[in-house]
Amino acid sequence: MSRFYVTTPIYYVNAEPHLGHAYTTIVGDALTRWHRLMGDDVKFLTGTDEHGQKIQQAAEAAGKTPQEFTDEVAPKFANAWDRLNIANDDFIRTTEPRHRTAVNELLQRCYDAGDIELDTYSGWYCVGCEAYYTEDELDEGHVCPIHKRPVEHFEEENYFFRLSRFQDRLLDWYAEHPDAIKPAHRANEALGLIKSGLRDFSVSRTTVDWGIPLPWDEDHVAYVWFDALTNYLSAVGFGDDSADYTDWWPVDYHLIGKDIIRFHCVYWPAMLMSAGVEPPKGYGVGGWLLVGGEKMSKSGGNAVNPLDLVDTTGVDGFRYYVLAETPYGSDGDFTYDGLVARYNADLANNLGNLAARVATVVGKKCDGVGPAPDPSSSLATAAADAYANTAKGWDDVAPSKALDATWSLIRATNAYLESNEPWKMEPGADVDRVMGDALEALRIVAVLAYPAVPETSQAIWERIGLSGEVVDQLLPDAATWGGYPGGLTVTKGDPLFPRITA
RNA sequence: GGCGCCGUAGCUCAGUUGGUCAGAGCAUCCGGCUCAUAAUCGGAAGGUCAUCGGUUCGAUCCCGAUCGGCGCUACCA
């Protein structure tokens with residue numbers, strides 16, 4: 001049994017969970033569910049980023065301490081993931097003691113390695129961005145181009161991480177691991193960043209209190225890089241003498257958005273190299289889910305609350321849509337019409353209706369008892385192809401391809417029924433053979449579709465009379481033709497995905 | 001300015017060493033079926049594979065240019 005460790009970014013708690021957060025988190029959940037079916041020992045981590053000036057200020061504005069403030073917001077993320085049926089194994093918060101332990105350890109190692117040094121930084125600082133700008137990056141009158149508010153001139157002593165020393169080591173590492181970043185075209189972007197030259201970056205602040213003090217200089221608080229990124233190590237016991245973080249490290253995939261490639265694919269591995277820690281094995285870089293063609297933002301007024309949509313399509317309908325609609329790595333455009341169209345076409349018409357028609361015919365022609373499949377059924381090859389391509393899709397961190405492959409078996413089964421017309425046959429061996437095949441296909445579909453639509457898979461599983469849980473199935477055996485035993489009671493039940501007509 | 005990407009059926013996109021590569025899904029139209037959530041199955045229509053040149057026996061897939069869309073990055077006075 002191999003281990004498989006996947007992370008999402010930790011989400012900054014200055015905003016409520018929105019569609020963008022949900023997208024990455026659902027991808028991670030589906031990917032890790034697939035690996036559990038493959039028999040891997042899986043750890044899926046998500047969490048919240050809770051330090052920094054913006055949180056401090058938001059807390060003050062709310063008349064709360066930062067800790068009180070984050071204690072109220074962090075559960076909103078955890079609850080949202082519960083609603084979306086996210087099976088994360090851990091939920092890390094950067095305000096936890098275990099995280100402070102790991103940050104201290106990582107900082108100290110880099111400091112001891114001589115890669116963190118004191119220097120002076122001066123420039124125009126935007127509180128909203130928590131970042132410095134050069135003169136020419138600002139709008140007229142020293143105004144932040146993003147927040148459209150005046151920036152402040154600061155000069156402070158900061159500790160700097162000597163990223164500039166790591167260019168060759170990073171290039172060498174990526175040369176030896178050409179498939180580390182998926183999809184491939186995103187890897188070119190990361191390499192471009194490295195080749196274009198690396199500047200040292202500031203890792204501490206003296207102007208902020210809400211954070212983790214540097215272990216060798218309490219006047220400084222760790223800035224976001226060493227704080228937030230380190231969560232991936234905190235959750236596996238880095239810096240904890242009673243644990244061995246290498247049980248899980250290096251991580252298999254950091255799932256990230258395309259906007260944070262630099263920090264995850266350049267800063268982070270360099271920090272780890274400095275500390276003598278293996279860089280991540282891989283990264284899955286997703287695009288943005290745009291709304292109306294524009295990046296979703298609170299201020300833009302187009303933020304979509306994923307939980308509102310669940311009421312329309314169900315949890316599985318929403319999960320399926322975000323996974324299937326957009327090729328991973330590309331930007332997607334979220335639209336309500338698109339959501340409904342895909343729900344109706346793939347879930348109501350294809351999958352849901354298939355389950356319904358099979359149950360009805362079994363009821364009418366087989367006395368409601370599911371027959372066993374034909375070992376040499378023509379559907380068996382469709383099932384084998386579906387499994388192979390579904391597996392490849394998940395291996396490539398390409399959910400839309402994986403699901404398309406799974407759905408190919410659903411389409412093949414609908415066609416199979418059409419060409420055999422069991423509803424025209426008299427009860428007997430011929431009907432049993434056809435319906436056994438259909439039930440077997442449905443069983444395999446339930447397993448293969450499980451990462452995307454876990455509740456539906458379990459429902460199908462039970463309706464065709466199988467006991468136990470889909471989550472406990474093991475691939476590839478569970479997708480091998482012939483697993484449906486026959487002799488089980490098949491029940492129809494309510495439509496799995498009622499068609500949306502509005 | 002530099003580096004890179006993209007522009008293939010109405011829509012979203014596949015096409016991984018140039019020779020059945022002109023495809024899939026959705027949408028449309030026609031037909032079949034009636035077990036099923038007016039679902040499903042089959043068929044058709046639809047593209048000079050952005051434009052113009054070049055290499056080649058032959059290019060969507062190689063090279064150059066142009067138009068259009070985009071990403072990252074660097075900025076001189």
Side-chain angles (χ1 to χ4, degrees), chain A residues 134-137 178-179 181 183-199 257-263 265-266 285 287-288 290 293-295 313-314 317 320-321 324-335 337-366 368 385 389 392-393 396 398 400-408 410-427 431 434-435 438-439 442 456 463 490 492-501:
Chain A
T134 57
E135 293 263 357
D136 53 290
E137 286 173 327
D179 298 323
I181 299 176
H185 71 272
R186 294 295 180 192
N188 297 331
E189 240 170 80
L191 285 177
L193 290 174
I194 298 169
K195 288 175 181 167
S196 67
L198 301 177
R199 274 188 289 194
K258 64 177 184 178
D259 51 327
I260 52 177
I261 287 180
R262 175 194 296 276
F263 314 123
C265 302
V266 182
V285 182
W288 288 329
L290 308 173
E294 293 181 10
K295 187 168 191 233
T313 62
Y320 179 82
Y321 170 72
E325 181 73 3
T326 303
Y328 190 67
S330 303
D331 288 348
D333 195 11
F334 176 91
T335 63
D337 287 348
L339 171 67
V340 170
R342 191 164 272 280
Y343 172 96
N344 278 339
D346 292 356
L347 297 177
N349 296 352
N350 281 341
L351 177 55
N353 184 57
L354 173 63
R357 67 194 305 205
V358 168
T360 299
V361 178
V362 170
K364 289 183 177 176
K365 302 290 184 179
C366 311
D385 288 347
N389 293 325
K392 184 176 189 314
D396 291 342
S400 65
K401 291 183 180 176
L403 291 174
D404 187 53
T406 298
W407 254 249
S408 73
I410 296 171
R411 292 187 213 103
T413 306
N414 272 321
Y416 179 79
L417 290 176
E418 212 64 41
S419 63
N420 285 283
E421 302 183 307
W423 45 86
K424 287 184 175 175
M425 302 174 176
E426 291 304 315
V431 174
V434 172
M435 296 320 293
L439 287 162
L442 217 39
T456 302
R463 288 181 187 198
V490 174
K492 182 169 182 181
D494 295 330
L496 292 168
F497 298 100
R499 195 178 160 78
I500 298 171
T501 51

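The chains referred to below are lettered A, B, ... by the order of the sequence lines, with proteins before strands, and numbering in each begins at 1. Computation of the quantities below employed the complete heavy-atom set of this structure, encompassing side-chain atoms and omitting hydrogens, waters and symmetry-equivalent molecules.
Sorted by first then second residue, the salt bridge (Lys or Arg N to Asp or Glu O under 4.0 Å) pairs that include residues 343-359 of chain A, not counting sequence neighbours, are R342(A)-D346(A), R357(A)-E418(A).
Not a single salt bridge (Lys or Arg N to Asp or Glu O under 4.0 Å) links D385(A) to another residue, sequence neighbours left out. Applying the salt bridge (Lys or Arg N to Asp or Glu O under 4.0 Å) criterion to R262(A), with sequence neighbours excluded, gives no partner residue.
For the ring-ring contact (aromatic ring centres under 6.0 Å, His included) criterion with Y321(A), the lone passing option out of F497(A), F334(A), Y343(A) is F334(A).
In this structure, I500(A) places its CD1 atom 15 Å from C1' of A39(B), rounding to the nearest Å. Distance E325(A) CD to C11(B) P: 15 Å, rounded to the nearest Å.
Shortest non-hydrogen contact noted between V358(A) and A438(A) is CG2-CB, 4.0 Å.
Nucleotides A39(B) and U28(B) place their P atoms 10 Å apart, quoted to the nearest Å. Taking the C1' atom of each, A9(B) and C5(B) are spaced 23 Å apart, rounded to whole Å. G42(B) and A50(B) have their P atoms separated by 30 Å, given to the nearest Å. Here, G64(B) and G71(B) have their P atoms 24 Å apart, quoted to the whole Å. G68(B) sits 41 Å from C30(B) when the P atoms are compared, rounded to a whole Å. Rounded to a whole angstrom, the distance from the C1' atom of A44(B) to that of U60(B) is 25 Å. Nucleotides A22(B) and C67(B) are separated by 25 Å at their C1' atoms, to the nearest Å. Straight-line distance between the C1' atoms of A59(B) and G53(B): roughly 14 Å, to the nearest whole Å.
For K365(A), the NZ atom counts as densely surrounded, since its 6.0 Å shell holds more than 12 non-hydrogen atoms of other residues, nucleotides or ligands.
Looking at D494(A) and R463(A), no side-chain N of the basic residue comes within less than 4.0 Å of a carboxylate O on the acidic one, giving no salt bridge.
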Close N or O pairs between protein and nucleotides 4-7 of chain B (under 3.5 Å):
none

Subject >> Strand RNA chain B as a dot-bracket string - pairs counted if Watson-Crick or G-U with both distances under 3.5 Å, | where the partner lies in another strand >> reply: (((((.((.[[[[.)...(...]]]].(((((.......))))).....[[[[[..)....]]]]]).)))))....
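Side chains of R499(A) and N349(A): a donor-acceptor N/O pair is present below 3.5 angstrom, by distance only.
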Original post:
Hey, mind stepping through K392(A) and K401(A) against side-chain contact (heavy atoms from CB on, under 4.5 Å) and telling me if it holds?
Top reply: CA-CA 8 Å; K392(A) 184 176 189 314; K401(A) 291 183 180 176; over 6 Å; no
Subject >> side-chain contact (heavy atoms from CB on, under 4.5 Å) between L442(A) and T413(A), intermediate numbers included >> reply: CA-CA 8 Å; L442(A) 217 39; T413(A) 306; over 6 Å; no
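Ranked by how close their nearest RNA chain B nucleotide is to the 5' end, P327(A) and A415(A) are led by P327(A).
The aromatic rings of W407(A) and Y320(A) lie tilted to each other, with the angle between the two planes from 30° to 60°.
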Original post:
What does nucleotides 20-37 of chain B look like as a protein-contact string, B for base, S for sugar-phosphate only, - for none, at under 4.0 angstrom between heavy atoms?
Top reply: ------------BSSBBB
